[in-house]
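In what follows, a structure is listed as structure tokens, so that the remarks can point back to it.
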Amino acid sequence: MASLSIDNVCKTYNNGTDVLKGIDIAIDDGQFLILVGPSGCGKSTLLNMIAGLDDISSGDIRIGARRVNDLSPKDRDIAMVFQSYALYPSMSVRQNISFGLEIRKQPKAEIDATVNRVAEMLQITHLLDRKPSQLSGGQRQRVAMGRALARNPSIFLFDEPLSNLDAKLRVEMRTEIKLMHQRLKSTIVYVTHDQIEAMTLGDRIAVMKDGIVQQFGSPQEIYDN
Ligand code: ADP
Ligand code: ADP
């Protein structure tokens with residue numbers, strides 16, 4: 001686990017669009033940060049910068065004491081859960097979860113133990129031999145979470161992970177994510193449009209608008225006025 005600090009991060013796309021105009025955010029080890037703001041304000045862009053999926057134009061991102069600007073996604077010790085799950089369609093659930101450990105050359109026995117432990121935690125043990133196409137939306141989301149959990153990263157990044165689920169599953173998974181955070185004390189950055197998710201899950205909320213952080217604080221500070 002690790003703290004995260006984002007210092008004066010700017011992003012201008014090649015076509016000249018200024019998307020991020022000096023983002024400053026710092027959270028402690030184990031804190032759950034929520035990013036909210038209108039569509040197009042740059043939430044996904046910021047998440048991609050933390051993940052290393054896209055270059056920042058200026059500024060610094062630190063995970064723990066380490067400046068990660070120039071590190072590849074693989075070397076950043078983060079794991080990301082996407083809105084559309086982004087599972088590998090031709091791989092089984094087991095392979096989807098183990099793949100990230102195999103490319104990091106973990107020993108086979110260790111990988112098997114991790115996959116089994118994570119599958120048990122997420123109650124997907126009976127699905128390990130299936131392909132993603134044979135799963136419901138809620139099950140796919142569990143596999144996507146399992147893949148991230150198996151990595152045991154310093155920071156989890158979630159991009160609207162529950163927005164494709166129906167209302168009942170959304171509440172159920174929200175509770176599970178909260179329990180997971182309490183249990184593992186993970187550092188999390190979580191993008192959502194859902195105010196209840198933000199209030200239930202967040203230790204800190206950053207409200208973004210027009211490429212800057214307009215408000216930053218605890219859920220009480222953000223929503224009680
Ligand atoms: P969301 O609002 O759900 O985050 P968007 O519809 O804004 O997603 O964007 C979907 C994808 O399209 C993103 O990966 C984003 O990088 C890309 N994208 C969005 N706008 C543009 C654009 N103007 N030019 C090129 N790519 C874009
Ligand atoms: P959000 O996640 O808050 O909906 P995004 O980060 O997806 O916002 O997008 C922020 C802005 O950047 C949008 O105006 C989008 O059109 C633009 N954008 C995203 N990706 C690209 C891209 N690859 N090239 C140009 N513009 C982009």
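Each ligand, and each atom within it, is numbered from 1 in the order the structure gives. For this chain, numbers begin at 1 and follow the sequence in order.
- The closest approach between any non-hydrogen atom of Cys41 and ligand 2 is below 4.0 Å.
- Considering backbone and side-chain N/O atoms, Thr17 never comes within less than 3.5 Å of an N/O atom of ligand 2.
- Checked by atom type, the side-chain pair Ser3/Asp28 shows no donor-acceptor distance below 3.5 Å.
- The Val19 neighbourhood of ligand 2 comprises atoms 10 (C), 11 (C), 12 (O), with distances under 4.0 Å to a heavy atom of that residue.
- Residue contacts with ligand 2, taken as heavy atom pairs separated by less than 4.0 Å, involve Asn15 solely via side-chain atoms from C-beta onward.
- A donor-acceptor pair under 3.5 Å is absent between the side-chain atoms of Arg142 and the main chain of Gly137, judged by distance alone.
- The atoms of ligand 2 that sit less than 4.0 Å from any heavy atom of Ser39 are 4 (O).
- The shortest N/O to N/O separation between Gly42 and ligand 2 falls below 3.5 Å.
- Between the side chains of Tyr13 and Ser57, not a single donor N or O lies within less than 3.5 Å of an accepting N or O.
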Does the salt bridge (charged side-chain N to carboxylate O under 4.0 Å, His left out) test come out yes or no for Lys178 and Glu197, once each step is laid out?
CA-CA 10 Å; Lys178 188 168 180 73; Glu197 264 173 51; over 6 Å; no
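- Both Ile103 and Met91 are members of a single hydrophobic cluster when ILVMFWY side chains are connected at heavy-atom separations under 4.5 Å.
- In this pair, Phe158 and Tyr190 present their aromatic rings tilted. The plane angle is within the 30 to 60° band.
- Proximity to Lys43 (heavy-atom distance under 4.0 Å) selects the following atoms of ligand 2: 1 (P), 2 (O), 3 (O), 4 (O), 6 (O), 8 (O).
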